[in-house]
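Counting convention: from 1, in listed order, for ligands and their atoms alike.
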Amino acid sequence: MTTTASIDHARLALLLTELRLPTIKSLYPAFTGRADQEGWPAARLLAALTEHEVADRARRRIERHLAEARLPPAKTLENFDFAAVPMISKAQVHALAAADSWLHEGHNLILIGPPGTGKSHLAAAIGLSLVEKGLRVLFTRTTDLVQRLQVARRDLSLEAAIDKLHKYDLLILDDIAYGGKDQAETSVLFELISARYELRSILVTANQPFGEWNRIFPDPAMTLAAVDRLVHHSTLFELNVESYRRRTALEAKRGPGRPAARATPKNTTAHPSSKKSESTEGGDM
Ligand code: ADP
Ligand code: MG
């Protein structure tokens, strides 16, 4: 065919790069070849190529959002054992992970429970599901973010730094209890919470119940105001069970043959003692 011979493929490739159409660029030789062979109408070829570009673009976008979300790997709803936290409704968690209406309204999600009970896992799994739905999420340890915001404040750009976080539909603040001790540290956290109030959602995980949040915000008025803003439009999950890590370690030691999976929740739900679990568990995720 003389018509294809007259096309400058090198230039076409350059133009497609310039137009940021990488999928069309890689597909067009095969597609145009087939179209010529099978006698497709020109519009059909154009439609096929553009459909592929759009589908790939959506995929690439989600890949980018997944990378920027910094989610801990391999924490999904599929591998979360809901039987370990009988007080948490699996259906409600799946509904939150599937729908974006609560994010549009700036509603918050608060996960409270002793260390090792699956708060970070659940937070990451919900985050992952939302990213796959096309939303933007950032998972961060609260201390890390507080440090970044303090640096920003030192550079007189705290407001800009907080505004930049508005691109995330959901900000996951993992382990807010370790947010910091002195007034300067926690006030950036407070400003962040205030700035997102009723605008953008926050998911918070905490080892301490609200009664002990005065350890996060040393100023009582600030504690009250922060808790108030977080809780106002929010869903609260309390994971008052024994540490999943500890339980699975105990079960492994005990060996097979006992229904160990049912062995612990009874007494722990009755006495959700965060003091005890804090001393037995050193840390976070
Ligand atoms: P927390 O944030 O409450 O301290 P994590 O989410 O870090 O606890 O959980 C500790 C470990 O136990 C993680 O490896 C996590 O994946 C696992 N884990 C906790 N709860 C569950 C659960 N219900 N199903 C599956 N894995 C769990
Ligand atoms: Mg954790």
* Lys/Arg-Asp/Glu bridge criterion (N-O < 4.0 Å) met for Arg59, Glu63 -> no

* Asked: Are any of the N or O atoms of Asp81 closer than 3.5 Å to those of ligand 1?
  -> yes

Which is closest to [atom] by heavy-atom distance: [options]?
{"atom": "atom 14 (O) of ligand 1", "options": "His121, Lys119, Lys75", "value": "Lys75"}
{"atom": "atom 5 (P) of ligand 1", "options": "Ala123, Ala125, Ala74, Gly118", "value": "Gly118"}
{"atom": "atom 2 (O) of ligand 1", "options": "Ala206, Ser120, Pro114", "value": "Ser120"}

Within ligand 1, which atoms have a heavy atom of [X] less than 4.0 Å away?
{"X": "Thr117", "value": "1 (P), 3 (O), 8 (O), 20 (N)"}
{"X": "Gly116", "value": "1 (P), 3 (O), 4 (O), 8 (O)"}
{"X": "Ala84", "value": "23 (N)"}
{"X": "Pro115", "value": "4 (O)"}

* To do: Please determine which of Leu239, Val204, Leu236, Ile126 meets the side-chain contact (heavy atoms from CB on, under 4.5 Å) test together with Leu111.
  =>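 Running side-chain contact (heavy atoms from CB on, under 4.5 Å) over Leu239, Val204, Leu236, Ile126 with Leu111 returns exactly one hit, Leu239.
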
Side-chain donor-acceptor distances from residues 85-94 under 3.5 Å, at least two apart:
| residue | atom | partner | partner atom | Å |
| --- | --- | --- | --- | --- |
| Ser89 | OG | Ala91 | N | 3.4 |
| Ser89 | OG | Gln92 | N | 2.9 |

Verify the neighbour count for atom [atom1] of [X]: are there more than 12 heavy atoms of other residues, nucleotides or ligands below 6.0 Å?
{"X": "Glu51", "atom1": "CD", "value": "no"}
{"X": "His52", "atom1": "NE2", "value": "no"}
{"X": "Arg70", "atom1": "CZ", "value": "no"}

* Verify the distance test for Ser120 against the Mg ion (ligand 2): any N/O/S atom under 2.8 Å, yes or no. =>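 Here the distance criterion (N, O or S atom, under 2.8 Å) is met by Ser120, so yes.
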
* Heavy-atom pair with the smallest gap, counting every atom of Arg229 and Ser194 -> NE-OG, 3.5 Å

* Asked: Is it true that Asn79 lies under 4.0 Å from ligand 1, counting heavy atoms only?
  -> yes

* Which is it for Phe80 and ligand 1 at heavy atoms under 4.0 Å: side chain, backbone, both or neither? ->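 Looking at Phe80 and ligand 1, atoms from backbone and side chain both fall under 4.0 Å.
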
Please output the side-chain donor-acceptor pairs of residues 71-83 that fall under 3.5 Å, not counting sequence neighbours, one pair per line with the distance.
| residue | atom | partner | partner atom | Å |
| --- | --- | --- | --- | --- |
| Thr76 | OG1 | Glu78 | N | 3.4 |
| Thr76 | OG1 | Asn79 | N | 3.0 |
| Thr76 | OG1 | Asn79 | OD1 | 3.2 |
| Thr76 | OG1 | Asn79 | ND2 | 3.4 |
| Asn79 | OD1 | Thr76 | N | 3.1 |
| Asn79 | OD1 | His121 | NE2 | 2.9 |
| Asn79 | ND2 | Ala74 | O | 2.9 |
| Asp81 | OD1 | Ala83 | N | 3.1 |

